[in-house]
Amino acid sequence: MLDIQQLRNELDLVAVKLAKRGYEFPVEQFRALEQKRKVIQTETQELQAKRNTVSKQIGIAKQKGEAVTAMMAEIANLGDNLKQFENQLEQIQSELQKILLVTPNLAHESVPEGKDDKNNLEIRRWGEPRVFDFEIKDHVTIGEQLGMLDFETASKLSGARFNVMKGGIACLHRALAQFMLDTHTLEHGYTEIYVPYLVNADCLRGTGQLPKFAQDLFVAQSGAEIKSDPTDLVDQGVGKLHLIPTAEVPLTNMVSDKIIPYEQLPLKFVAHTPCFRSEAGSYGKDTRGLIRQHQFDKVELVHIVHPLRSFEALEQLVHHAETILQKLELPYRVMVLCSGDMGFSAAKTYDIEVWLPAQNTYREISSCSNCEAFQARRMQARFRNENGKTELLHTLNGSGLAVGRTLVALLENYQNADGSITIPSVLKKYMNNLDRVSI
RNA sequence: GGAGAGAUGGCCGAGUGGUCGAAGGCGCUCCCCUGCUAAGGGAGUAUAGGCUCAAAAGCUUAUCGAGGGUUCGAAUCCCUCUCUCUCCGCCA
């Protein structure tokens, strides 16, 4: 959420900045609401103050045994009048809130301007794509020929965009997650966290998925709820649990409604979780293979930091994610997203793209964002600064990495002519010291 | 699933209609005293808003799990919900 003070003070400037990322802010509507708000709020508070003082006087008078009828008469009509103002104010506030809740974050000044992913900037590249001396296969073919990727069974069980892994590939998948967790906890100083995979709507509002992106989520309902009243549609969505689309949601919300002493900063969390995304609106995109699934595993990194440190932390975060690819010896490049391609909550985002030989291109495997105070403001995540004052924290998140896509990269980059997969040296200890996955 | 208890400030905990944003204690900050330490004395110590405003400051509103209601007035009474705990049952 943007700072409403900033919107009041420099509305036009903010609107221009939002336009740069392709968002048209309802300037006139906001201005009108603000004008009304100011008048109504002042009036409401004056009436409340009056009610409070007179009520207090009544109390005092009663204790002394004095007559109170005069005072009672004085505020006889105040109640109804006040109620009206309060209702009006509440309505205006909620309309302002609605606008704020769907307004994306402002792009940081270092973010390149642009409309879509074509304007993203490559800032560095690591590793050389391997040259193959045989006809390469994509990960689907490799996995199916090994008998270890079974999309047919998956679709029988759950439909499109699910997968079943078996044997060596299932193990490799597990090994990857374990390797990532170990690296981040032992070498990068993260605290490993286990979190719920079902979260309430407040959490999703806190990180910015709700209210705007409800269609991208899966909603879970307990069987008891369905049975008790199957026709009740009134409370749909609210109070229901959602499957997490990323561990960013539970991890970041750990500090919601909290005031952290500044000595404890920065907090660095890592969690390995499944992620669930409805992928509405991506019909026909990446329909083959593991690239785009309704359920996938991810190792997520979250930083909770002092506002002056957040851009420094972003560089660290990207570096931590890159380390995984370097240790796996997978070639990649780092992109800085342009203003138009960034996610809702981000002020600045780096994407890491891994080389996929079968697609002959780099594909996103990690997205690292500094959300500045945008999420913290939504979830009231604060810290007590050096002067004892409370201040909003800055939050960052990044994949470290998407496990499913890392597996894809591994299968394709480490494939051999005979259809087997070489196991990268850093993974061997998680794979019973095997050298290869083969039939 | 059955029975019961509870939710108050950083923490503990009092408060069952009126000068209560909230006693008392702990913790923390500052000061005093004490040749160290311990003990003691004093002052301060929630959060989010709004208005005036360059700022400092002042004034003001809301908040005692959440929402609604009664009342001139609600932490306190009524209703609904959520969560936590205890016992029993069931269960990975």
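We name chains A, B, ... by the order of the sequence lines, and we start the count at 1 in each one. No hydrogens, no waters, no symmetry mates; every other heavy atom, side chains included, goes into these values.
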Rounding to the closest angstrom, what is the interatomic distance between [N] and [M] at atom [atom1]?
N: B:U84; M: B:C26; atom1: C1'; result: 24 Å
N: B:G89; M: B:C81; atom1: P; result: 28 Å
N: B:G17; M: B:C90; atom1: P; result: 45 Å
N: B:G21; M: B:U47; atom1: C1'; result: 11 Å
N: B:G18; M: B:C77; atom1: P; result: 12 Å
N: B:G4; M: B:G68; atom1: P; result: 29 Å
N: B:U16; M: B:C28; atom1: P; result: 31 Å
N: B:U80; M: B:G73; atom1: P; result: 23 Å

Under 3.5 Å on both distances, the Watson-Crick or G-U partner of [N]:
N: B:U37; value: none
N: B:C30; value: B:G42
N: B:G21; value: none
N: B:U47; value: B:A62
N: B:C91; value: none
N: B:U16; value: none
N: B:U84; value: B:A5
N: B:U70; value: none

Donor-acceptor pair, side chain of A:Glu412 and main chain of A:His139, under 3.5 angstrom: yes

Nucleic acid footprint by protein, nucleotides 59-75 of chain B - heavy-atom cut-off 4.0 Å, B for base, S for sugar-phosphate alone: -SSS---------BS--

Short N-O contact, [X] and [Y], less than 4.0 angstrom:
X: A:Glu187; Y: A:Lys327; value: yes
X: A:Arg405; Y: A:Asp286; value: no
X: A:Glu34; Y: A:Arg31; value: no
X: A:Glu279; Y: A:Arg292; value: yes

For [X] and [N], what is the distance between atoms [atom1] and [atom2] respectively, to the nearest whole Å?
X: A:Gln380; N: B:G49; atom1: CD; atom2: C1'; answer: 11 Å
X: A:Arg377; N: B:U47; atom1: CZ; atom2: P; answer: 18 Å
X: A:Lys64; N: B:G18; atom1: NZ; atom2: C1'; answer: 13 Å
X: A:Lys258; N: B:U47; atom1: NZ; atom2: C1'; answer: 16 Å
X: A:Tyr262; N: B:C28; atom1: OH; atom2: P; answer: 15 Å
X: A:Ile4; N: B:G49; atom1: CD1; atom2: C1'; answer: 10 Å
X: A:Ile259; N: B:U45; atom1: CD1; atom2: C1'; answer: 13 Å
X: A:Gln93; N: B:A48; atom1: CD; atom2: P; answer: 16 Å

N or O in side chain of A:Arg8 less than 4.0 angstrom from B:G49 OP1/OP2: no

B:A48 phosphate, OP1 or OP2, under 4.0 Å from A:Thr390 side-chain N/O: yes

Residue whose nearest RNA chain B nucleotide is more 5′ - A:Arg382 or A:Lys38: A:Arg382

Residues A:Asp80, A:Lys83; criterion salt bridge (charged side-chain N to carboxylate O under 4.0 Å, His left out); working and verdict: CA-CA 5 Å; A:Asp80 290 341; A:Lys83 191 105 227 156; over 6 Å; no

Residue pair A:Phe269, A:His184: steps toward the ring pair (Phe, Tyr, Trp, His ring centres under 6.0 Å) verdict: CA-CA 9 Å; A:Phe269 302 137; A:His184 294 310; over 10 Å; no

Touch class at under 4.0 angstrom, heavy-atom based, for A:Arg384 against every strand present: sugar-phosphate

Touch class at under 4.0 angstrom, heavy-atom based, for A:Gln5 against every strand present: sugar-phosphate

Counterpart residues, salt bridge (charged side-chain N to carboxylate O under 4.0 Å, His left out), relative to A:Asp341 (two or more places apart): none

Any A:Lys50 side-chain heavy atom under 4.5 Å of A:Glu74 side chain: yes

